Amino acid sequence: MTTSANLTVQLYGGEEAPQIADELIAVYADVYSIEPYAGDPFFSVPSYIDRLHAAFEMKGFGVLTGRADDGTLVGYVHGVTLDPERAWWVSLGGARPADAVRAAEDGDVFWLRELMTLPGFQNRGIGHALHDHIVRARPEAWTTLTCIVDNEPARSAYPRWGYEVIGRIKHADESPLYDAMVLRP
């Protein structure tokens with residue numbers, strides 16, 4: 001556990017994370033309760049619960065939580081080691097940098113699956129702090145993520161943090177369009 005600027009962070013692996021699943025789900029429910037996500041089945045809480053529990057079982061799963069001084073979970077980030085055969089990754093084809101493809105084949109790419117901060121705690125640098133902390137803590141040299149193309153201000157933040165957009169994908173037929181991005185070592 002690390003404390004920094006009124007934020008206490010803690011890293012959990014796939015075996016420990018289910019113990020805090022209810023807290024993670026509650027933050028998701030709050031963050032995704034606004035338009036354009038509210039009412040969209042892709043962003044429903046039951047759909048997220050399924051995705052989260054599936055992620056617990058994936059290779060390299062880790063979640064980093066951020067808590068306020070009173071212990072309130074104000075945000076978190078989670079991800080896994082990227083499977084080089086993951087459909088969205090493969091769908092990018094030649095748009096993927098060749099060295100990123102090789103890194104994924106070597107198990108050296110972290111797929112940042114979710115990064116969220118409670119609405120009342122946004123615009124305070126918490127998301128950026130959680131991002132930087134988990135990227136430093138991961139054994140993989142590369143990081144990749146997907147971000148909804150019109151999800152501002154997140155979509156604009158990632159390039160400022162060093163990411164480059166390499167293409168656009170859909171995670172499912174019913175999902176919105178996402179920018180796929182990589183962060184080089």
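In this text, all values refer to a predicted model and were calculated from it rather than measured experimentally.
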One should read off an interatomic distance between Ile20 CD1 and Gln10 CD, to the nearest 0.5 angstrom, of 7.5 Å
Leu177 reachable from Val182 in the ILVMFWY side-chain graph, under 4.5 Å edges: no
Does the Glu16 side chain pair with the main chain of Gly13, one donor and one acceptor, at a distance under 3.5 Å? yes
Would Ile126 and Trp161 show up in the same hydrophobic cluster when neighbours are defined by side-chain heavy atoms closer than 4.5 Å? yes
Please report the interatomic distance CG(Leu73) to CE(Met116), rounded to the nearest 0.5 Å. 10.0 Å
Close side-chain approach of Gln19 to Tyr12, heavy-atom, < 4.5 Å: no
Pairwise distance NE2(His131) to CZ(Arg136) - rounded to 0.5 angstrom: 10.0 Å
Tyr28 and His78 aromatic centres sub-6.0 Å: no
Taking a hydrophobic cluster as the set of Ile, Leu, Val, Met, Phe, Trp and Tyr residues connected by side-chain heavy atoms closer than 4.5 Å, whether directly or through intermediates, do Val90 and Trp142 fall within one such cluster? no
Do the side chains of Arg155 and Asp179 get close enough for a salt bridge, i.e. N-O under 4.0 angstrom? yes
So, do Arg67 and Glu23 sit near enough that their side-chain heavy atoms are less than 4.5 Å apart? yes
Where is the tightest heavy-atom contact between Glu140 and Gly107, given as atom of each residue plus distance? CG-O, 3.6 Å
Against the six-membered ring of Tyr76, is Arg113 placed for a cation-pi contact (under 6.0 Å from the centre, within 45° of the normal)? no
Close side-chain approach of Arg138 to Thr143, heavy-atom, < 4.5 Å: no
For Pro139 and Asp108, the nearest pair of non-hydrogen atoms, with its separation, is O-OD1, 3.8 Å
Could you walk me through whether Arg86 and Met58 satisfy the side-chain contact (heavy atoms from CB on, under 4.5 Å) test, starting with their C-alpha distance in whole Å, then the side-chain angles of each, then the deciding distance to 0.1 Å, before giving a yes or no? CA-CA 12 Å; Arg86 190 73 182 180; Met58 293 179 180; 3.7 Å; yes
For the student: nearest non-hydrogen atoms of Val109 and Ala100, plus distance: CG2-O, 3.8 Å
How close do Gly62 and Ile134 get, heavy atom to heavy atom, and via which atoms? O-CD1, 4.2 Å
In Å and rounded to the nearest 0.5 Å, what is the CD to CD distance from Glu57 to Glu15? 9.5 Å
Over all heavy atoms of both residues, which pair between Leu92 and Ala180 is shortest? Give the atoms and the distance, please. CD1-CB, 3.6 Å
side-chain contact (heavy atoms from CB on, under 4.5 Å) between Arg184 and Asp99, worked out: CA-CA 9 Å; Arg184 294 176 179 275; Asp99 44 354; 3.2 Å; yes
Would the number of heavy atoms belonging to other residues, nucleotides or ligands and lying under 6.0 Å from CG of Asp70 be above 12? yes
Parallel, tilted or perpendicular: rings of Tyr32 and Phe43 (30°, 60°): parallel
Test of understanding: clusters of I, L, V, M, F, W, Y form through side-chain heavy atoms closer than 4.5 Å, transitively. Do Phe42 and Leu115 belong to the same one? yes
Derivation of the side-chain contact (heavy atoms from CB on, under 4.5 Å) call for Tyr163 and Val165: CA-CA 7 Å; Tyr163 285 86; Val165 177; over 6 Å; no
Establish whether Ile34 and Val149 are linked, either directly or via other cluster members, by ILVMFWY side-chain heavy-atom contacts under 4.5 Å. no
Between Thr65 and Leu24, does a side-chain contact (heavy atoms from CB on, under 4.5 Å) hold up when you go through it step by step? CA-CA 9 Å; Thr65 59; Leu24 301 176; 4.2 Å; yes
Quick one: CD on Glu35 to CG on Asp40, what's the gap to the nearest 0.5 Å? 9.5 Å
Between CH2 of Trp88 and CZ of Arg168, what distance do you get to the nearest 0.5 Å? 14.5 Å
Do the side chain of Thr144 and the main chain of Met181 share a donor and acceptor less than 3.5 angstrom apart? yes
Closest non-hydrogen atom pair between Ala38 and Ser33, with its separation: CB-O, 3.5 Å
